[in-house]
Amino acid sequence: MQGLKKMRMPLIFLLVALLFPLFTDNQYYIYVVTLAFIYAIAVYGMNLVGGYTGQLSLAHAGFFAIGAYALGLLTVDANVPYWLAFVLALVITTVIGTLVGLIALRTKEHFFAIYTLCVGYIIYLIIYEWDALTGGVRGLIGIESPAAIGPITFDTGISNYYLILVFLVLTVIFMKFLTESIVGRTYVAIRNSEELAQTIGINTMKQKLISFVISTFLAGLAGALYASFVRFIGPDISYTMMTFDFLMYAIVGGFGTLFGPVVGTLLIVILTQSLQFMEDFRMIIFGPLLVLLVIFYPRGIVGGYQMWKMKRAYKKKQRSVDQGSTYEGGD
Amino acid sequence: MDVLLQQLFNGLTVGSVYSLVALGLTLVYGILHIPNFAHGALYMVGGYITLMSMALMGVPYFIGIAISIVVVGSLAMVMERLVFNPLRHAPPIHDKIAAIGILLFLETLVQLVWGADYRAMPTPFADTVSFLGITVTWQRIMIIVAAVVVMILLQLFLKKTMVGAAIVAMSQNREGAFLVGVNANKVAMLTFFVSGALAAIAASIASPINLVYPGMGHLVILKAFVIIIIGGMGSVPGAIIGGYILGLTESLGATFISAAYSDLIAFVLLVVILTMKPQGLFAQKGAH
């Protein structure tokens, strides 16, 4: 019962998400929310390695694109059955992620950020220039929708919506167990001080690598879903700006919080889509917002909310203690 | 032979620009240990201010550059005051995120004000000159000369003036500098001003041979990062030498290996270097 109460907000949120398509006939709204769900999965990856483990990986859009292109190329050019291609895309992204992680994580802090930024740019350049494989600037067209699983087909917007919602919920549940386990605490320990973590016997390289690989896996998962949902991909999805977008979603929602990525992504994607005229100029507002958030609210909306709740609970407790002490006449 | 000479010359031109940008970056890193991702945006703004003061106010090229130096230098100073100073005790990840926020803001602002078109910058040095069997524009010669002059002036400033010495002192030992009475705030602001000014000069002299557009800083800043990692974060001579090495490697690589992947050379170089030496070449003792 206590657990249920604690999870009240997320459960209400899930209920709204489940019922949402029943209340709107507008395909466009469903499309936007689905897109936000996909991005949220990728942002979870960034949140894990950046927010929990404290390693700012700026190659995230690159891995997102690798997942998307792997799925696209396997289904369009190689005619691999969809779900097999889907699994292969995840494997490919994770393997590349592991290789990059093995080398990248030997560098620390600023070097790591710069290194991954460059890795991301290399991925972008390769996708852009390797015309024969990736279609270069024209991109890949006509990627198929997810294939039917038994009687369930995914050829409509609503069915895709539920499919992606399932993946998102699985991601959140996985993250909940991961971050609340000893492993999650290990990551936070590394974020707070890598040297200290080492002195209490944590193999920081191994833990950082695992966290990085999971993060690339989630980026690849989001990428693969994106490719089959939007059905067209271009080199833009691997560009640095995409990484910065992910970063912004994470920061606004709350870097290093469990529900930050969903909150941030949904809020900003819906906000920018509903203010269409802002599409190109959204950074006029979001750029300074990012700066203000890291200065004043480094833990974002969710972190701020948690802080407020904790303060309130503390004050309540203080008050009852105060009353208690007067009742007993003090000491 | 002519091709080689021509490419060496081009490499020197490009290298000069890289060196100037990397110098600004390395100065800021030396003092505050901030990898300023927004430096590329300063570079871009520098190009625009020069171009726009020439186009809108009709001032000559060099006056345009002077205006640009003042504007971008002040912009960098404001950045330090409003953003990096409040964040000086925050975890290092916050500085990087804030810098990215500034970068996104400046780029969009420029795009909003002046549009996303690619623009050419006019220059009084458009004529060509031939010597040793190669033909180059005066602009390219001007770039090389200007870069060398700026580097010498910077070196004199850092070595011969009190203020410059304070900058060097703070990058060598922060606490030591405080003990002998260096004002940290002033030095930090000044460093940002110099860094912004260098970016403005680099952009203004490079723009006539490239183009001016909101995304013009992206590649340059990434390469400047590569340079300061190669040359040692915070090292002034390292930034200069690294800039020329990269410029020459790139222009030779573009001719003799592949033009399409010439931009890749810098990043492959970086990946190789960091793979073998995760602390970067010439890692300074005690620097973080």
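Here the structure is a predicted model, which means the values were calculated and not measured. To find a chain, count down the sequence lines: A is the first, B the second, and so on, and within it residues start at 1.
- M241(A) and L104(B) get closest at one heavy-atom pair: SD-CD2, 3.5 Å.
- Residue C118(A) comes nearest to F267(B) through the heavy atom pair SG-CD2, 3.6 Å, listed as atom of the first residue, atom of the second, then distance.
- Only the side chain of L247(A) comes within contact range of chain B, judged by heavy atoms closer than 4.5 Å.
- Between Y29(B) and H110(A), the ring-plane angle classifies as perpendicular under the 30° and 60° cut-offs.
- Using a 4.5 Å cut-off between heavy atoms, Y239(A) contacts chain B through its side chain alone, with no backbone atom that close.
- The contact between I122(A) and chain B is made by backbone and side chain atoms together, counting heavy-atom distances below 4.5 Å.
- Within the 4.5 Å cutoff, the side chain of F286(A) has no heavy atoms near those of the T108(B) side chain.
- In this structure, chain B has heavy atoms under 4.5 Å from both the backbone and the side chain of I284(A).
- The parts of I102(B) that come within reach of chain A are both its backbone and its side chain, each placing non-hydrogen atoms under 4.5 angstrom from that chain.
- When the candidates L106(B), D95(B), L112(B) are compared by the number of heavy-atom contacts under 4.5 Å with chain A, L112(B) comes out ahead.
- Taking CG from L56(A) and CZ from F37(B), the interatomic distance works out to 7.0 Å, rounded to the nearest 0.5 Å.
- Other residues, nucleotides and ligands place no more than 12 heavy atoms under 6.0 Å from the CZ atom of R185(A).
- Contact detail for G101(B) and L290(A): the closest heavy-atom pair is CA-CD2, 3.7 Å.
- For F112(A), no part sits under 4.5 Å from any heavy atom of chain B, backbone or side chain.
- Neither the backbone nor the side chain of L102(A) comes within contact range of chain B, judged by heavy atoms closer than 4.5 Å.
- Crowding of Y244(B) atom OH: a count of heavy atoms from other residues, nucleotides or ligands under 6.0 Å exceeding 12.
- In this structure, CG in L270(B) is found 8.0 Å from CD1 in I114(A), a value given to the nearest 0.5 Å.
- Taking both residues in full, the closest heavy atoms of F105(B) and G287(A) are given as CB-CA, 4.2 Å, listed atom of the first, atom of the second, then distance.
- Residues Y115(A) and I229(B) fail the side-chain proximity criterion, which asks for heavy atoms closer than 4.5 Å.
- Nearest heavy atom pair, residue R106(A) against residue M276(B), reads NH2-O, 3.9 Å.
- With contacts defined as side-chain heavy-atom distances shorter than 4.5 Å, the pair V291(A)/L82(B) does not qualify.
- Remark: F259(A) engages no residue in a ring-ring contact (aromatic ring centres under 6.0 Å, His included) (not counting sequence neighbours).
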